[in-house]
Amino acid sequence: MPNHSPSRSSLFQRSKTLPTNSYRRFTSPVIPTLRYDERDGVSNNGDSSNFATVPNSEEKPVAVPSQSPSQRITRLWTHFSLTHCLKFSCSCSFTYVMFLRSKVSRLEAENLILVTRCNSNRVLGSENNEMEETNSRAVVFFSVVITFVLPLLLYMYLDDLSHIKNLLRRTNEKKEEVPLKKRIAYSLDVCFSVYPYAKLLALLLATVVLIVYGGLALYAVSDCGVDEALWLSWTFVADSGSHADRVGVGARIVSVAISAGGMLIFATMLGLISDAISKMVDSLRKGKSEVLESNHILILGWSDKLGSLLKQLAIANKSIGGGVVVVLAERDKEEMETDIAKFEFDLMGTSVICRSGSPLILADLKKVSVSNARAIIVLGSDENADQSDARALRVVLSLTGVKEGWKGHVVVEMCDLDNEPLVKLVGGERIETVVAHDVIGRLMIQCALQPGLAQIWEDILGFENAEFYIKKWPQLDGYRFEDVLISFPNAIPCGVKVAADGKIVLNPSDDYVLKEGDEILVIAEDDDTYAPGSLPEVRMCHFPKMQDPPKYPEKILFCGWRRDIDDMIKVLEALLAPGSELWMFNEVPDQERERKLTDAGLNISKLVNIKLVHRQGNAVIRRHLESLPLETFDSVSCFAFLVDVA
């Protein structure tokens, strides 16, 4: 591409070829000229940076080489086109700028109008919202007041509703109707009595109602929202002192009311909790909780014999480290525990648990785990003998009504020998009866006839020394009883409990053969101190036959009166020799004695061996005792019951 960038010398050179007038025209101007730099070519697109100012100085012109007409035309056309393009671009840019400026001014005016309108609408909307919120708060306030006052007014005039009803019906009925207030109070009383959790539910409902009503009231008198008002209502209910920072009369009044209701609710809650805790403690104190024991001894009832019974049971359980004895009686638990503590003897590891209840109620029997008891003892009461036996019979009936049954044997104390068959009939074979009154009377007669026998009975019947034990020994099955007698080095066999009928045979014949299931009755120191050993060698010998000693008439004195004294007279008639005398010294009149003995079934005229001698007096008074020939009596028996209690 030819280089069209003109130099200063070339311009002068070209001017030489032109006419003189032209030369002068080109050389005389002093104004600067533009030079087009063709080093960047046409790609500069008319950029003014390609033009250089050529000052028209006083330098001498330089000769410009001659150029062809086409080159000159091209140069001039390029210069012309670039100049006019620049002018056109500037004019177009100026026009577009003015257009944009006018448009921006118009948009600013429109924006100002819109902002003005939005501000006015916002002010109107806020005013409308404030009016709506004020109206809603007023509606909420009046709703709360009406819903709170209306139930109170209705409750105050409940009794007048029936009169209004009669007036509407145009009747003058004077029928006596229960007031509606009383019916509502009665319904609430029944509800709280039948449903144990009704009080807590009512308290919870009252708390929710107070929070909701208080929150709505706070919303009506303050500037907070509904959710914030409900939360503040809860805080006022939970903490009565959190309302101190409230501002405004209405807010303070509502806050104080909510706090007062909260204090009332929490006081009621504390009362209910205290009442529940008191009932629980009272239940524990009165012995109403369930006994979770097994293989224990259960005593049903309370009597004066309980102290000696507990003492013997404690001695019996000493070898196993103690046991558990549960006492169920119709007495207060604290009183029973106090009376047991007054016995002042060592229980030797045995625990005594007292429960208050009736043995006649199945729920109380289940409470003391009657089905898991190892043994059940039914004590007779201290009342009339027939009443005591009747109560024992009812207890046995209650035991038979236990669905789970019982695994231990039952021992029932009876007072009258005539009532024993009835109890055995009801209870069956598992019931063992002990007619304590009759047994004690027989023991007293035996002890009176055999001096020193009382000490033997005390040692055998108690657990302090040797006592009776019954146990199975399968290794002795098939043995004869005479071999069993010498099989225990540390015990004395006394009898056999036959497995076939459950009866105990004392001192059976030597030829009796033990069968499977038979139990051996022995006298031993404890249940773990004896065991059968190998048969020892026995040397046979002959013993001389001993004759029974002859019986001689005796003279016996009975001081006092017993209900079963007729049975004791019958026993003495069978044991004493003919010509014996029985002196009866008590305060019962003679004719009354004969009547009572006859009513009990004793025929005095048929007594052969003994003769009844009646003396009336009080054994406590010494003067009365001195009137008797005390030195002539072989034995004297004093009874605890001086009068008939039947």
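Excluded from the calculations below are hydrogen atoms, water molecules and symmetry mates; all remaining heavy atoms, backbone and side chain alike, are included.
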Sequence neighbours excluded, every pair satisfying side chain to side chain donor-acceptor pair (under 3.5 Å) that has a member inside residues 573-583: Glu581-Trp583
Name of the residue among Val410, Leu300, Leu298 meeting side chain to side chain contact (heavy atoms under 4.5 Å, CB included) with Val370: Leu298
Side chain to side chain, Val434 and Val412, heavy atoms closer than 4.5 Å: no
Which residues share a salt bridge (Lys or Arg N to Asp or Glu O under 4.0 Å) with Asp483, sequence neighbours left out: none
Backbone N/O of Leu602 and side chain of Asp566: donor-acceptor pair under 3.5 Å: no
Chi angles and distances behind the side chain to side chain contact (heavy atoms under 4.5 Å, CB included) call for Ile520, Ile470: CA-CA 6 Å; Ile520 301 175; Ile470 300 177; over 6 Å; no
Minimum side-chain heavy-atom gap Arg442-Ile440 below 4.5 Å: no
Shortest non-hydrogen contact between Val496 and Pro508, atoms and distance: CG2-CG, 4.1 Å
Side-chain donor or acceptor of Arg355 paired with backbone N/O of Val368 under 3.5 Å: no
Asp599 and Lys596 ion-paired at < 4.0 Å: no
Pairwise ring pair (Phe, Tyr, Trp, His ring centres under 6.0 Å) hits with a residue in residues 609-629, at least two apart: none
Atom CZ of Arg394 with >12 non-hydrogen neighbours under 6.0 angstrom: no
Arg615 to Phe585 six-membered ring, cation-pi geometry met (6.0 Å, 45°): no
Heavy-atom side-chain proximity of Asn586 to Cys559 below 4.5 angstrom: no
From CA spacing to verdict: side chain to side chain donor-acceptor pair (under 3.5 Å), Lys555, Thr632: CA-CA 7 Å; Lys555 195 174 182 179; Thr632 61; 3.1 Å; yes
Pairs flagged by side chain to side chain donor-acceptor pair (under 3.5 Å) wherever residues 267-278 is involved - sequence neighbours left out: none
Any donor-acceptor pair under 3.5 Å from Asp389 side chain to Asn419 backbone: no
Residues which pass salt bridge (Lys or Arg N to Asp or Glu O under 4.0 Å) with Asp364, listed by chain and number, not counting sequence neighbours: Lys367
Note, Leu514 side chain near Val484 side chain (heavy atom, < 4.5 Å): yes
Worked check of salt bridge (charged side-chain N to carboxylate O under 4.0 Å, His left out) between Asp567 and Arg562: CA-CA 10 Å; Asp567 295 329; Arg562 285 171 56 97; over 6 Å; no
Pairwise ring pair (Phe, Tyr, Trp, His ring centres under 6.0 Å) hits with a residue in residues 407-434, at least two apart: none
Donor-acceptor under 3.5 Å (Ser398 side chain, Leu362 main chain): no
All pairs passing side chain to side chain donor-acceptor pair (under 3.5 Å) where residues 303-315 contributes a residue, at least two apart: Lys305-Glu413
Test item: Leu597 and Asn603 side chains (from C-beta on) under 4.5 Å apart, heavy atoms: no
Within residues 486-511 or reaching into it, pairs that qualify as salt bridge (charged side-chain N to carboxylate O under 4.0 Å, His left out) - sequence neighbours excluded: Arg480-Asp511
Arg331 side-chain N/O to Gly357 backbone N/O, donor-acceptor pair under 3.5 Å: no
Gln450 CD: over 12 foreign heavy atoms closer than 6.0 Å: no
Residue Lys570 excluded, over 12 heavy atoms near NZ under 6.0 Å: yes
Residues which pass salt bridge (Lys or Arg N to Asp or Glu O under 4.0 Å) with Arg374, listed by chain and number, not counting sequence neighbours: none
More than 12 heavy atoms of other groups within 6.0 Å of Gln591 CD: no
Non-neighbouring partners of Glu293 that pass salt bridge (Lys or Arg N to Asp or Glu O under 4.0 Å), sequence neighbours left out: none
Heavy-atom check, side chain of Ile445 versus side chain of Leu443, under 4.5 Å: no
Lys472 atom NZ, over 12 foreign heavy atoms within 6.0 Å: no
Heavy-atom check, side chain of Ile556 versus side chain of Leu449, under 4.5 Å: yes
Residues Tyr469, Glu467; criterion side chain to side chain donor-acceptor pair (under 3.5 Å); working and verdict: CA-CA 7 Å; Tyr469 292 99; Glu467 53 272 352; 2.3 Å; yes
Residues, nucleotides or ligands: over 12 heavy atoms within 6.0 Å of Glu290 CD: yes
Pair Lys515-Asp518, salt bridge (charged side-chain N to carboxylate O under 4.0 Å, His left out): steps then yes or no: CA-CA 6 Å; Lys515 299 177 179 59; Asp518 288 350; 5.5 Å; no
Summary of ring pair (Phe, Tyr, Trp, His ring centres under 6.0 Å) pairs that have at least one residue in residues 476-514, sequence neighbours excluded: Trp473-Phe488, Phe488-Tyr530
Thr433 and Lys424: CA distance, side-chain angles, deciding distance, side chain to side chain contact (heavy atoms under 4.5 Å, CB included) verdict: CA-CA 7 Å; Thr433 58; Lys424 288 187 175 181; 3.1 Å; yes
Neighbour count >12 (heavy atoms, 6.0 Å) for atom CD1, Ile604: yes
Gln475 and Pro532, any side-chain heavy atoms less than 4.5 Å apart: yes
Listed once per pair and sorted, the ring pair (Phe, Tyr, Trp, His ring centres under 6.0 Å) pairs that draw on residues 323-371, sequence neighbours left out: Phe343-Phe345
Asp339 side chain to Met336 backbone, donor-acceptor under 3.5 Å: no
